[in-house]
2 protein chains.
Amino acid sequence: MPVIKVFPQDVDRKLTEVFARFGYDGASMELLSQATGLKKASLYHRFPGGKKEMAKHVLLNIRAWFLDRVDAVIRDTSRPLDVRLEEALMAISDLFANGDRNCPLRMLSAGSESASFQESIAACFTILSDGFALVATENGLPEDIAKAKAMEAIINIQGSLVLSRAMNDNNIFRTSISAIPKLLGQGN
Amino acid sequence: MPVIKVFPQDVDRKLTEVFARFGYDGASMELLSQATGLKKASLYHRFPGGKKEMAKHVLLNIRAWFLDRVDAVIRDTSRPLDVRLEEALMAISDLFANGDRNCPLRMLSAGSESASFQESIAACFTILSDGFALVATENGLPEDIAKAKAMEAIINIQGSLVLSRAMNDNNIFRTSISAIPKLLGQGN
DNA sequence: GTCTATAGCTTGATAGAC
DNA sequence: GTCTATCAAGCTATAGAC
């Protein structure tokens with residue numbers, strides 16, 4: 001008998017994908033089961049709290065992912081600032097499949113259970129915001145301006161992603177991402 | 001016996017509200033029934049196509065609303081440009097309850113039936129984009145720049161609304177809205 | 001740890017009285 | 001035009017074998 005048929009990281013990836021595509025209410029246990037390749041009872045074995053726990057688990061993963069691939073990268077002062085920012089932006093693009101996939105944070109931030117996830121979601125955005133603000137500060141911008149520019153960068157990411165999906169044109173997302181270094185004072 | 005217990009415009013308003021808050025999959029017939037004050041069978045009488053028809057009806061309303069409150073206002077050249085833009089922006093803020101309500105277009109653009117709504121949603125964004133581009137053009141910006149600035153304005157609206165809801169702070173939305181006139185070349 | 005089978009509820013949708 | 005009552009299908013979640 002197989003001990004583990006599907007690796008946890010693969011399950012996590014698929015769960016994120018389904019929640020990002022259908023949102024919390026649209027992501028049925030049946031869909032989650034098919035996507036992960038685990039039967040419903042097996043999903044309940046791994047996540048006794050059911051769908052809600054799966055969503056929370058996905059959000060914890062994203063938070064860890066942001067800390068590792070954005071926060072840590074940007075704070076690694078042993079490398080040039082522009083390279084660090086570029087790498088963080090590439091990681092972010094990856095998370096959204098270069099504009100082809102909706103933001104799982106946004107998709108879980110609305111719906112019948114949104115209140116349960118609000119804290120985790122806000123925490124993720126704060127990590128991103130602090131990272132961007134640090135870049136802007138290192139680029140010589142005063143702190144209040146840096147914070148405003150950081151928010152603007154996140155607004156551009158989220159807004160361009162919404163429009164890329166709505167207009168079915170991921171160039172909108174790509175263009176916005178490529179404008180962020182300059183927005184944060186890079187190359188001035 | 002009452003002929004009409006609830007006015008169509010009130011039903012429309014409530015349907016929009018529920019779809020904006022819960023998305024298509026989260027908006028159950030039970031919720032829609034409670035919000036409108038009409039029993040489920042009555043909703044099916046008004047919308048024989050069921051939930052899908054209600055969502056399409058909501059999108060048609062929003063399109064008409066954009067044509068009336070944004071497009072027509074911006075194209076009314078008998079009035080000063082800054083006043084027209086200001087009025088259009090106030091209408092847009094109204095639609096989103098000044099940042100307290102999610103965008104119904106965005107909420108219907110993702111989920112299990114998103115493909116059915118994509119065309120209607122893109123049409124709404126195009127009306128908005130064309131209107132903003134016209135403002136930028138009248139402000140002396142070259143056409144390609146004007147179009148880019150118009151997209152940027154919509155990105156700011158959508159992105160700031162996502163973040164306002166996620167961070168529970170509608171100042172993010174208000175700030176972005178108030179920056180749009182300058183973005184479109186107003187007051188330069 | 002994964003499965004089949006199923007419970008119990010909620011869903012979208014319909015029939016028919018008034 | 002609105003209602004009560006109901007259906008079949010889908011839902012989340014659980015029981016219990018292996």
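Chain naming here is simple, since letters A, B, ... match the order of the sequence lines and numbering starts at 1 in each.
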Peer 1: Does a side-chain N-to-carboxylate-O contact under 4.0 Å join A:Arg79 and A:Glu86?
Peer 2: no
Peer 1: Applying a 4.0 Å non-hydrogen cut-off, can you work out what A:Lys39 is touching in the nucleic acid: base, sugar-phosphate, or nothing?
Peer 2: base
Peer 1: What residues from residues 12-28 of chain A pass a heavy-atom cutoff of under 4.0 Å to DNA chain C?
Peer 2: none
Peer 1: In whole angstrom, what separates A:Leu43's CG from D:dC11's P?
Peer 2: 14 Å
Peer 1: How is A:Lys51 classified with respect to the nucleic acid when contacts are heavy atoms under 4.0 Å: base, sugar-phosphate, or nothing?
Peer 2: sugar-phosphate
Peer 1: Measure from the side-chain heavy atoms of A:Ser42 and tell me the nearest of D:dG1, C:dG12, C:dC3.
Peer 2: C:dC3
Peer 1: Is it true that a side-chain atom of B:Asp169 and a backbone atom of B:Asn171 form a donor plus acceptor pair closer than 3.5 Å?
Peer 2: yes
Peer 1: Counting only side-chain nitrogens and oxygens, does A:His45 get under 4.0 Å of the OP1 or OP2 atom of C:dT2?
Peer 2: no
Peer 1: Out of D:dT12, C:dT4, C:dA15, which has the shortest distance to the side chain of B:Ala41?
Peer 2: C:dA15
Peer 1: Check the side chains of A:Asn139 and A:Gln186 for a donor-acceptor pair under 3.5 angstrom, ignoring hydrogens and angles.
Peer 2: yes
Peer 1: Between D:dC11, C:dC3, C:dT11, which one does the side chain of B:Glu30 approach most closely?
Peer 2: C:dT11
Peer 1: Can you measure B:Phe47 atom CZ to C:dT14 atom P for me and round it to whole angstrom units?
Peer 2: 15 Å
